[in-house]
Structures are given as structure tokens and as C-alpha cells.
Amino acid sequence: MPQNFRLLSVAAILDVFDTVNGFYRKDELETPFNISLITADDKNYNFSEHPCISLQKATDLDLILIPSFATNDIKECISANKSYIPWLNKQHHAGAEIATFCTGAFLLAASGLLDGKAATTHVDACPAFSTAFPQVHLKADKTVTQDGKLFTSGGATSTFHLLLHLLQIHCGKDMAVKVAKVFAIDMDRVNQLYFSTFQPIRHHNDDLVASAQEKIESNYQDVATIEEMIKDIPSSRRNIVRRFKQVIGITPIEYLQQTRIEAAKKLLEQTAQQMTEVIYNSGYNDPKAFRKVFRKSVGMTPTQYRDKFQAR
């Protein structure tokens, strides 16, 4: 139970495992899961019937689940939960599986256990995650990852897809399918890119970078190169690119591309414009190039995206 945990994440995890135990009790079988809430501050949570156990007493665990928690300030959040880090290492080295849900991956990454391993997290938290933990092989498009005994899930409802994966491992596919039907979960979703929203960093003190951002956002509809967009900024292209990447985390060209794709997504969601209009109004003049970039960024074609998200 990390500090600032998200109650919805905890509730989803408990609900699924309680449901599975209920199925076993109904069939007069021994329940597969003995559930406890592990706390670093000796709190008791009255929203659950499961016992709360302190870190010092929590030993010999088979499966540790880390729910989502607020990550507005990554360093502060990790610091608030630092007492879990040596405990997680000890439990994993003793053989425990560890599964994280949504932003819970930040705590596992801070332990060092994900170094050199595949992981995912909430798609909008991926830029912050990759900056904080470059040694982790981030799979931003994935709904679920497994690397040995370490598991991670993407954001929000991706929690259920990891839970189903764990149930299939520990209880078999029939139980996983049964739970999927109870909770109305599509078992075949493996991609989360189309849920992402481009949210560039704006709170910084670099006026040159801010000027470049403004130029790109004001002129992205023009079919122009990035050099033409930033030509009036009093600095060399090399210096602009270096500082831009240092502050924002991506290059100006990538920033332009993401700005254009985000604009296209909004047009697909909110208008009935023909596809050629969407392409042109997003700053592209080559339909083939647009579709290629869109699919790579979003994980589906523009038409599929419109069918999925357009307000009817």
C-alpha cells in the first residue's frame, strides 16, 4: 500500500482476487489466494476485510502487487515510499513474483529490479518514466509485460489485463476467461498507444526552447521543414536541437510530428472532415507518409481511430 495510492487501482485488484476466491469457495475448493495489505506505516485500512501487515512481518510471499499511485512529483513519490525498496529486493531475491499496475512501475523501477528488463506504465507517464529510468527497456505501446518474475501493466483498465494474465498463470485459462466475462474485459487488447495524449513540458525556464515550441505549435499546419519554422530564433540549429532535447526530452522534429498527429487525432474525434482534409489540416501533404506516421504513433490506422473515438 504505497503512499498516495489510487483507491480505484487497489479496489480493482482486490475485487478480482476476491471474486476468484469466491468461485473456489462456491465449488467447495481451497481458495488459491491468501490476501494481505502490506503497509510501511502500520495503518489499518477499513475499506478491506483483509489483514494489514507491516513490512517487518511480511515474509515468504509468493506474489506482490503494487497498485497505481500519484506521480505528480516523481522524486517526492519515490522518497515517500523508499522503505519499500529494500523490502522488494529482498522478497524478489527470495523468489516472489512482483506485479505493478499503471504508475506502480515507478516504485519497482526505483528498486533497480527492472534494470535491463522490459516494462510498461501509463502511456502518458512513459516520457517521465523513460527519463527517470533510462536503463529499463520501456515498452510504451504494451498493455502488459512479463520479464521473468516481474510483471507490469499500462494505465487504468490495463490493470485488468495483467490480472487476467496472472490468473492464467496461477489458476489456468478457464478461470481467466470466467473472470474476463464477469468484469466484461476484452482479453485480446495488447496495445495502449491510442489512449495517449501528447502533453509537452511547458514549465521550464529556457526561453529559447519556449520560443521554439511556440513556433512549432503556431505553424504546424504549414507544410514546412523544422528549419523553416525555427529560422527566426537567434541561435544555431545545433544549439536549438541540443537544448530542446535536453529540456523537452525529444527533438524539435519529433515535437512537430507529435503536434501534428495530436491535431489529426482531434480532427478525427471531433469533425466529419474527409481524410484528405484531415491530412492537409494536420500539416501533411503526403497521405502515405501521414498514414505511416499515424499508425506508428497511435497503433492503428486513422480510420480505425475515428471509428473508435469519434463522438457520434
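Side-chain atoms are counted along with the backbone in the values below, which use heavy atoms only and exclude waters and symmetry mates.
In the hydrophobic clustering of ILVMFWY residues, with side-chain heavy atoms under 4.5 Å counting as a link, L167 and F183 come out together. Both M300 and V123 sit in one connected hydrophobic cluster of ILVMFWY residues. Membership requires side-chain heavy atoms under 4.5 Å apart, directly or through other members. Cluster membership check: F17 shares its hydrophobic cluster with L7, using side-chain heavy-atom separations under 4.5 Å among Ile, Leu, Val, Met, Phe, Trp and Tyr. Criterion: ILVMFWY side-chain heavy atoms under 4.5 Å apart, direct or through other members. Under it, V241 and I216 are not part of a common hydrophobic cluster. Note on I185: it clusters hydrophobically with I169, by side-chain heavy-atom contacts below 4.5 Å among ILVMFWY residues.
The only option from L162, L163, T157 that meets the side chain to side chain contact (heavy atoms under 4.5 Å, CB included) definition with T159 turns out to be L163.
S218 places no side-chain N or O within donor-acceptor distance of the main-chain N or O of K215, the cut-off being under 3.5 Å. Looking at T120, its side chain does come within 3.5 Å of a backbone N or O of K142 through a donor-acceptor pair. The main-chain N or O of L267 is never found under 3.5 Å from a side-chain atom of Q270 such that the two would form a donor-acceptor pair. Between the Q310 side chain and the T271 main chain, a donor and an acceptor come within less than 3.5 Å of each other. Side chain of W87 to main chain of A58: a donor-acceptor pair is present (N/O by atom type, distance under 3.5 Å, no hydrogens or angles). Under a 3.5 Å cut-off, the side chain of N89 and the backbone N or O of S111 do form a donor-acceptor pair. The closest donor-acceptor contact from the side chain of D147 to the backbone of A118 lies under 3.5 Å. For the pair D15 (side chain) and A11 (backbone), a donor-acceptor distance under 3.5 Å is absent. Using a distance-only test at 3.5 Å, with no hydrogens or angles considered, no donor-acceptor pair links the side chain of D27 to the main chain of L29. S48 contributes a side-chain N or O that, together with a main-chain N or O of H50, makes up a donor-acceptor pair within less than 3.5 Å.
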Quick one, T31 with R25, criterion side chain to side chain contact (heavy atoms under 4.5 Å, CB included). Give me CA distance, side-chain angles, the key distance, then yes/no. CA-CA 6 Å; T31 56; R25 279 193 292 268; 3.5 Å; yes

Tell me, with the steps shown, if F244 and I230 meet side chain to side chain contact (heavy atoms under 4.5 Å, CB included). CA-CA 12 Å; F244 201 99; I230 63 176; over 6 Å; no

Practice item. Evaluate side-chain hydrogen bond (donor to acceptor under 3.5 Å, both in side chains) for T103 paired with S68, printing each intermediate quantity in order. Key: CA-CA 5 Å; T103 53; S68 170; 3.0 Å; yes

Under the side chain to side chain contact (heavy atoms under 4.5 Å, CB included) criterion, do T100 and S153 qualify, and how do the steps go?
-> CA-CA 6 Å; T100 71; S153 83; over 6 Å; no

*side chain to side chain contact (heavy atoms under 4.5 Å, CB included) between Q304 and T301, intermediate numbers included*: CA-CA 5 Å; Q304 289 172 327; T301 67; 3.1 Å; yes

Notebook entry, point to check: Given the rule in the ring pair (Phe, Tyr, Trp, His ring centres under 6.0 Å) test, do Y284 and Y280 qualify, once you have shown the distances and angles that lead to the verdict?
Noted result: CA-CA 5 Å; Y284 289 90; Y280 178 77; over 10 Å; no

Under the ring pair (Phe, Tyr, Trp, His ring centres under 6.0 Å) criterion, do Y45 and F5 qualify, and how do the steps go?
CA-CA 12 Å; Y45 296 96; F5 65 82; 5.5 Å; yes

- Task: Check step by step if ring pair (Phe, Tyr, Trp, His ring centres under 6.0 Å) holds for Y255 and F198.
- Result: CA-CA 9 Å; Y255 194 94; F198 182 43; 5.3 Å; yes

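The CZ atom of F106 sits 9.0 Å away from atom SG of C77, with the distance rounded to the nearest 0.5 Å. For the atom pair CD of E76 and CD1 of I74, the computed distance is 11.5 Å after rounding to the nearest 0.5 Å. Q91 contributes atom CD, which lies 10.0 Å from atom CG of D62 (distance to the nearest 0.5 angstrom).
A salt bridge links R202 and E217; the closest N-O separation between the charged side-chain nitrogens and carboxylate oxygens is under 4.0 Å.
Counting heavy-atom neighbours within 6.0 Å of E30 CD, excluding the residue itself, gives a total of 12 or less. Open room surrounds CG on D60; 12 or fewer heavy atoms of other groups in view lie less than 6.0 Å from it. For D73, the CG atom counts as densely surrounded, since its 6.0 Å shell holds more than 12 non-hydrogen atoms of other residues, nucleotides or ligands. Under a cut-off of 6.0 angstrom, the local environment of CG in N205 is sparse, with at most 12 non-hydrogen atoms contributed by other residues, nucleotides or ligands. By the 6.0 Å contact criterion, CG on D286 is enclosed, its count of non-hydrogen atoms from other residues, nucleotides or ligands being greater than 12. No more than 12 heavy-atom neighbours from other residues, nucleotides or ligands sit within 6.0 angstrom of CG on N34.
Summarising the geometry of L55 relative to S83, their closest heavy-atom pair is CD1-O, 3.6 Å, with the distance given to 0.1 Å. The two residues A105 and F129 make their nearest non-hydrogen contact at O-CE1, 3.6 Å.
Cation-pi check for K265 over F309 is not met; the charged atom does not lie both under 6.0 angstrom from the ring centroid and within 45 degrees of its normal.
The salt bridge (Lys or Arg N to Asp or Glu O under 4.0 Å) analysis of residues 103-130, with sequence neighbours excluded, yields no pairs.
Partners of S158 according to the side chain to side chain donor-acceptor pair (under 3.5 Å) rule, which considers only residues two or more places apart in sequence or in another chain, do not exist here.
Side chains of Q213 and H204: a donor on one and an acceptor on the other come within 3.5 Å.
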